[in-house]
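Just below is one structure, and these are the notes that go with it.
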Amino acid sequence: MVDSRLEGLLVGHDIVVKPPSILVLQSLNALVGFCLYLSVSLGTQMWNADHWTAARIGLVMTMACLGYAGPVAVAGIMADRWGRAKTSFLGMSIALVALSFACARPSSSSAAVAVIATFVGSAFFFPGCAGLFSDAEGERAGSAPMPLHTKVSRYNLGWSSGNFSAFIFAFMIAGIPPAYGYAVGVVACLIVLAVLRPRLGMPATMPAQQGDRGSHPALGILIPMCRVVVLVASMMGMAFIALLERSLTARVGGSAHTLTCVALGCYAAGYISMFVLLGSWGGWTFRPWRPWLLQLGMLVGSAGVVVIGFTPSAPAIWIAACAAVMGIGYGAAYTGSIYYSMRLPDGAARAASFHEACLGIGNTISPLLAGLLIDALSVRLAPGADAAAAQLAALGVYCASCALAALLLQAVLIPRVMALGRSSTAVAAPATA
């Protein structure tokens, strides 16, 4: 009976059992990324207006990221077994409830609840959506499978453009009651749910579109290496996102929120540019020194933040240029992790969830750790009344330390990856001769 019903569903209602097109999935990712970082931007605005300390803000962001890191691995298993559209729909339902609550009762406390719950919802959405991306056939039916590095780029461009839009939107509505911002987030959630609802009848897994996906001897090193790198890179990025406004307040006063929105928009623009580049050019795959060079942007940008923090005469807007360079490096780190995680054809949602779990762990441990270290380090850098002004330099030191750790790890392991690649080529050569 169940099989006949499923067959009838497949034949009679073809639209509900196929994943949305890549373009539609990319748009859904954008809306979810928008909701996620809109809640963060609105929250940081209210927390700073209420004079929350860096450690207190870091604690909320740590709780939010823990709400992401905890469910995300389970969500990948759910998506592969229960259904990818269903898991994503569940996640956005959680986000809808959270943003509706904050819209009805905007305050620093409700903003904290909204940020935490929206992160939880995203943890269920993204692994399911990654699985839908792996199942999707491209824009034209019957065409050759889209190359994996292009699919990964489109996936990344979705959520990243949503993040960028959220920062710009938060800049545009600065000074307007936060309830209006939350209302826009509610509408975005409703759109995602409306698109996913007809696909709730999809089977849990679809026939794999293999294309250029397959095993490689170096994946045994590349996958864990890149996941650790994205974990450390996310420690840098989340600290920068969560604590930049707090670190700028003593330096620029009331314009800290505006400058933060501009800087974070530039940070997002940096990693968006990387997603475009690495999606249109496949020459970086299994050539890890090339992404490593791009990741130097994390260290260069963070060092620039330190210099600006120690230079009172430096224009504050220079922080936006440093943020863009940091974003370039982060984009290269993120792309490598999700690409190699999804390289094998089977279990795409589960593999993506492990990538997201590493991201979530970095995001979880970083805000509170960074907040405590910044509060302590700024006192050492500038004792007394100038300690608050030194928080920007302290934030830069923390970010630079994370970037350096990620780069050094790869510098140790990449020679082993290259040796495995050369050996596999040597073994394959006689077979193709």
Side-chain angles (χ1 to χ4, degrees), residues 37-61 64 106-108 111-112 115 163-178 180-181 236-270 301-302 304-327 366-368 370-375 377-379 381-382 385-399:
Y37 278 93
L38 177 63
S39 69
V40 172
S41 295
L42 293 173
T44 53
Q45 180 182 0
M46 286 187 278
W47 300 333
N48 282 287
D50 286 345
H51 305 290
W52 283 23
T53 64
R56 190 177 181 185
I57 296 172
L59 175 61
V60 172
M61 293 304 300
S107 68
S108 290
V115 169
N163 294 2
F164 178 80
S165 300
F167 296 137
I168 299 303
F169 182 71
F171 168 75
M172 294 172 60
I173 65 171
I176 296 176
Y180 292 101
M236 175 205 73
M238 183 52 68
F240 191 70
I241 290 168
L243 297 172
L244 178 60
E245 183 168 342
R246 180 68 181 81
S247 301
L248 284 170
T249 299
R251 184 180 183 120
V252 298
S255 60
H257 179 68
T258 299
L259 183 57
T260 298
C261 290
V262 172
L264 294 184
C266 292
Y267 178 71
S302 299
V305 174
V306 176
V307 172
I308 294 171
F310 280 122
T311 310
S313 60
I317 194 63
W318 285 6
I319 196 74
C322 293
V325 177
M326 292 168 67
S366 186
L368 179 57
L372 293 171
L373 290 178
I374 288 169
D375 283 345
L377 184 59
S378 60
V379 174
L381 293 174
D386 294 331
Q391 287 199 339
L392 182 61
L395 175 62
V397 170
Y398 175 86
C399 292

> Is there a side-chain contact between Leu395 and Val306 (heavy atoms, below 4.5 Å)?
Replying inline: no

d(Ile176 CD1, Gln45 CD) to nearest 0.5 Å is 9.5 Å

Residues passing the side-chain contact (heavy atoms from CB on, under 4.5 Å) test with Leu59, sequence neighbours excluded, are Met63, Leu368

For Phe169 and Gly181 the tightest heavy-atom approach is CE2-CA, 4.1 Å

Here the gap from Ser107 atom OG to Trp47 atom CH2, rounded to the nearest 0.5 Å, amounts to 11.0 Å

To the nearest 0.5 Å, atom CG of Leu38 lies from atom CD1 of Ile168 at 12.5 Å

The reported gap from NE2 in His257 to CG in Asn48 (rounded to nearest 0.5 angstrom) is 9.0 Å

side-chain contact (heavy atoms from CB on, under 4.5 Å) filter on Ala256, not counting sequence neighbours, yields Glu245, Leu248, Thr249, Val252

Check: Is there side-chain contact between Ile173 and Tyr180, with at least one heavy-atom pair below 4.5 Å?
Finding: no

Step by step, work out the side chain to side chain contact (heavy atoms under 4.5 Å, CB included) result for Trp318 and Thr311.
CA-CA 11 Å; Trp318 285 6; Thr311 310; over 6 Å; no

Note, Tyr398 side chain near Ser366 side chain (heavy atom, < 4.5 Å) | yes

All heavy atoms of Ala239 vs all of Ala370, minimum pair found to be CB-CB, 3.7 Å

- Task: Indicate yes or no for a side-chain donor-acceptor contact from Thr53 to the backbone of Arg56 under 3.5 Å, with no hydrogens or angles considered.
- Result: yes

* To do: Check whether any side-chain heavy atom of Met326 lies under 4.5 Å from a side-chain heavy atom of Ser302, and answer yes or no.
  => yes

Exercise for the section: Would you mind reporting whether Ile241 and Tyr267 have side-chain heavy atoms less than 4.5 Å apart? Expected result: yes

Report task. Decide side chain to side chain contact (heavy atoms under 4.5 Å, CB included) for Cys322 and Ile308; before the verdict, give the C-alpha distance in whole Å, the side-chain angles of both, and the deciding distance to 0.1 Å. Result -> CA-CA 9 Å; Cys322 293; Ile308 294 171; 3.7 Å; yes

For Ala320 and Cys266 the tightest heavy-atom approach is O-CB, 3.4 Å

- Leu264 and Tyr37, any side-chain heavy atoms less than 4.5 Å apart: no

Distance col, row Leu392:CG vs Ile319:CD1, nearest 0.5 angstrom, shows 4.5 Å

Which of Thr260, Thr44, Ile374 passes side chain to side chain contact (heavy atoms under 4.5 Å, CB included) with Leu243? Answer is Ile374

